[in-house]
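Whatever order the structure lists them in is the order used to number ligands and atoms, beginning at 1.
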Amino acid sequence: MLSTLEILRYPDARLHKVAKPVEVVDERIRDLSQAMLATMYDANGIGLAATQVDVHERLIVVDVSEERNEPLVIINPTIVWASEDTQMAEEGCLSVPGVYDGVERASEVHVQHLDAQGQLQTLQATDLLAVCIQHEMDHLVGKVFVEYLSPLKRNRIKTKLQKQLREDR
Ligand code: NI
């Protein structure tokens, strides 16, 4: 089994770094994608952004399938179209353990990206996949989902997680 990577936990300042585009899709990027997928599956997540493992390049991995056998490697994603329709869904994040809250996002997005072979792809995402991709793409610009919540809620979450971190040490 592949070894897993350490996931940064909110409020860690490195989660707010803005990722740079991946320049070449090579073995390094493929190895990183595989390690990120292993980390995501190990943590029972449905998505993980490179930012969360302290690599600041535009790469995310996603698997929203029930069987956990439909991994997607999404490199240099751009949303080329988003629906005006929105959906409100409960979100969680591997960097914000134990916290779930509703976030409103576009119901459907079309995402242009490179795959693990460096081929250009367009993905039409709806439902959970649309939510997940928008959530992960936010990580690449340094945004964590709790930033959509009220300052009051966000501060409560910060305090709770800082306390947890101290206890875990
Ligand atoms: Ni997240």
Visitor: Go through the side-chain N and O atoms of Glu104 and Thr86 and say whether any donor and acceptor fall under 3.5 Å apart.
Guide: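 Yes.
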Visitor: Name each donor-acceptor pair under 3.5 Å that joins a side chain in residues 117-131 to protein atoms two or more places apart or in another chain, with its distance.
Guide:
unit_1, atom_1, unit_2, atom_2, d
Gln121, NE2, Asp115, OD2, 2.8

Visitor: So which of Leu8, Thr39, Leu94, Leu140 actually passes side-chain contact (heavy atoms from CB on, under 4.5 Å) with Gln52?
Guide: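 Between Gln52 and the candidates, side-chain contact (heavy atoms from CB on, under 4.5 Å) is satisfied uniquely by Leu94.
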Visitor: Check whether any side-chain heavy atom of Val53 lies under 4.5 Å from a side-chain heavy atom of Glu6, and answer yes or no.
Guide: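 Heavy-atom side-chain distance check fails, nothing below 4.5 Å.
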Visitor: Between the side chains of Tyr148 and Asp101, does any donor sit under 3.5 Å from an acceptor?
Guide: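 On atom types as modelled, these side chains do not qualify, holding no pair under 3.5 Å.
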Visitor: Would you mind counting protein N, O or S atoms that sit less than 2.8 Å from the Ni ion (ligand 1)?
Guide: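 If we list every protein N, O or S atom nearer than 2.8 Å to the Ni ion (ligand 1), we get 3.
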Visitor: Check step by step if side chain to side chain donor-acceptor pair (under 3.5 Å) holds for Ser107 and Gln87.
Guide: CA-CA 5 Å; Ser107 307; Gln87 57 183 338; 5.1 Å; no
